[in-house]
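Quick note on labels: first sequence line is chain A, next is B, and so on, each numbered from 1.
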2 protein chains.
Amino acid sequence: MSDLRTILAENLRRLRKDKGLSQEDLAGLAEVDRTYISLIERKRNSISLDKLEQIATALNVEAYLLIKP
Amino acid sequence: MSDLRTILAENLRRLRKDKGLSQEDLAGLAEVDRTYISLIERKRNSISLDKLEQIATALNVEAYLLIKP
DNA sequence: TTGTGACTAAAAGTCCGTT
DNA sequence: CAACGGACTTTTAGTCACA
């Protein structure tokens, strides 16, 4: 199974909420589509490294922390 | 210049060499084409989370370590 | 043993919406 | 505010012959 999708979904949602951001807020900061954040949090797709980096930057965290259990 | 593609390329090559594996050996273990490993090490594409996990499993390491600086 | 261009198939990612 | 759908474009996945 895709454990990493679950880990990412959980980490992302936690970090996003901690910063008081909506999916749309984060999408704006990361310059990705609004629906895309939703897809990740629902584990519907296998995000690319480039997008992972964009989102990590928007959240001000190191990218690897997004997929660290 | 330490974007995720570069970090992954370096970590992957280092881990692979440490285990004395050729690109072809690793490809076999990870069940991907040999040239695909070559593409990653040359930073040609932004690999997906699923593929990252597949390769991490083949190397017996946690996936996040592949993209940790 | 690895790098590379060329190519098709598949999946990511966007943009319009509605519930 | 978030889940979700459809239709679309862009990028990755995957493979080959050859250098």
Side-chain angles (χ1 to χ4, degrees):
Chain A
M1 282 303 295
S2 196
D3 244 2
L4 238 40
R5 292 192 190 195
T6 301
I7 293 167
L8 173 61
E10 291 172 354
N11 287 350
L12 180 58
R13 181 159 289 186
R14 191 183 62 251
L15 286 163
R16 181 173 66 75
K17 297 267 189 189
D18 283 352
K19 300 192 186 257
L21 301 170
S22 68
Q23 291 181 348
E24 194 160 5
D25 291 335
L26 178 57
L29 291 171
E31 295 179 293
V32 298
D33 194 79
R34 145 180 85 76
T35 61
Y36 187 57
I37 303 295
S38 175
L39 289 177
I40 298 167
E41 293 191 355
R42 285 181 289 130
K43 306 177 242 177
R44 287 287 303 272
N45 70 358
S46 183
I47 182 173
S48 72
L49 228 52
D50 287 354
K51 293 295 165 191
L52 186 72
E53 187 163 36
Q54 280 181 39
I55 291 168
T57 299
L59 285 169
N60 249 303
V61 297
E62 293 249 36
Y64 78 90
L65 292 174
L66 288 175
I67 59 166
K68 186 177 177 181
Chain B
M1 197 54 181
S2 42
D3 57 56
L4 243 37
R5 291 192 193 197
T6 302
I7 293 167
L8 172 60
E10 291 172 353
N11 287 350
L12 180 57
R13 183 158 288 185
R14 192 183 61 253
L15 286 163
R16 180 173 65 78
K17 297 264 189 191
D18 282 354
K19 298 189 187 261
L21 301 171
S22 67
Q23 290 183 348
E24 194 159 8
D25 293 334
L26 176 56
L29 291 170
E31 295 179 293
V32 298
D33 195 81
R34 171 189 72 75
T35 59
Y36 187 61
I37 302 294
S38 175
L39 292 176
I40 299 167
E41 293 190 356
R42 282 157 40 222
K43 308 175 239 177
R44 198 206 79 159
N45 67 3
S46 179
I47 82 169
S48 72
L49 224 53
D50 287 354
K51 286 295 149 192
L52 186 72
E53 185 164 39
Q54 214 172 310
I55 291 166
T57 299
L59 285 168
N60 250 303
V61 297
E62 293 248 39
Y64 79 89
L65 292 174
L66 288 175
I67 60 166
K68 187 176 176 183

In whole angstrom, what separates A:R42's CZ from D:dC1's P?
17 Å
Determine whether more than 12 heavy atoms belonging to other residues, nucleotides or ligands lie under 6.0 Å from atom CZ of A:R42.
yes
Could you tell me if the side chain of A:K51 sits less than 4.5 Å from the side chain of A:Y36, heavy atoms only?
yes
For A:E53 and B:L4, indicate whether the former's side chain and the latter's backbone hold a donor-acceptor pair under 3.5 Å.
yes
Heavy atoms of chain B, cut-off under 4.0 Å: which first and last nucleotide of DNA chain C, 5' to 3', fall inside that, if you could look?
C:dT2 to C:dT4
Nearest-nucleotide 5' precedence on DNA chain C, B:R44 against B:Q23
B:Q23
Looking only at atom types and distance, does a side-chain atom of A:S46 sit under 3.5 Å from a main-chain N or O of B:S48, one as donor and one as acceptor?
no
Please tell me if B:Y36 has a side-chain N or O lying less than 4.0 Å from either OP1 or OP2 of D:dA13.
yes
May I ask you to say what A:I47 touches in the nucleic acid, namely base, sugar-phosphate or nothing, with a heavy-atom cut-off under 4.0 Å?
sugar-phosphate
Once you apply a heavy-atom cut-off of 4.0 Å, does B:T35 come out as touching a base, just sugar-phosphate, or nothing?
base
Does a nitrogen or oxygen in the side chain of A:S38 sit under 4.0 Å from OP1 or OP2 of D:dA3?
yes
Can you check the B:E31 CD to D:dG14 P distance for me, whole Å?
11 Å
Select from B:S48 and B:R34 the residue whose nearest nucleotide in DNA chain C is closer to the 5' end of that strand.
B:R34
Nearest-Å distance for atom pair CG/P, residues B:N45 and D:dT15:
14 Å
Report the distance from atom CG of B:L39 to atom P of D:dT11, rounded to the nearest whole Å.
16 Å
I want to check one thing: is the phosphate of D:dA13, taken as OP1 and OP2, less than 4.0 Å away from some side-chain N or O of B:Q54?
no
Do the side chain of B:S22 and the main chain of B:D25 share a donor and acceptor less than 3.5 angstrom apart?
yes
Taking CG from A:D33 and C1' from D:dA7, how many angstroms apart are they, rounded to a whole number?
13 Å
Name of the residue among B:L39, B:L12, B:I40 meeting side-chain contact (heavy atoms from CB on, under 4.5 Å) with B:I47
B:I40
Rounding to a whole Å, what distance do you find between B:L52:CG and D:dT12:P?
14 Å
Identified side-chain contact (heavy atoms from CB on, under 4.5 Å) partner of A:L59 from the options A:D18, A:N11, A:L21
A:L21
Between P of D:dA13 and NZ of B:K43, the distance in whole Å:
17 Å
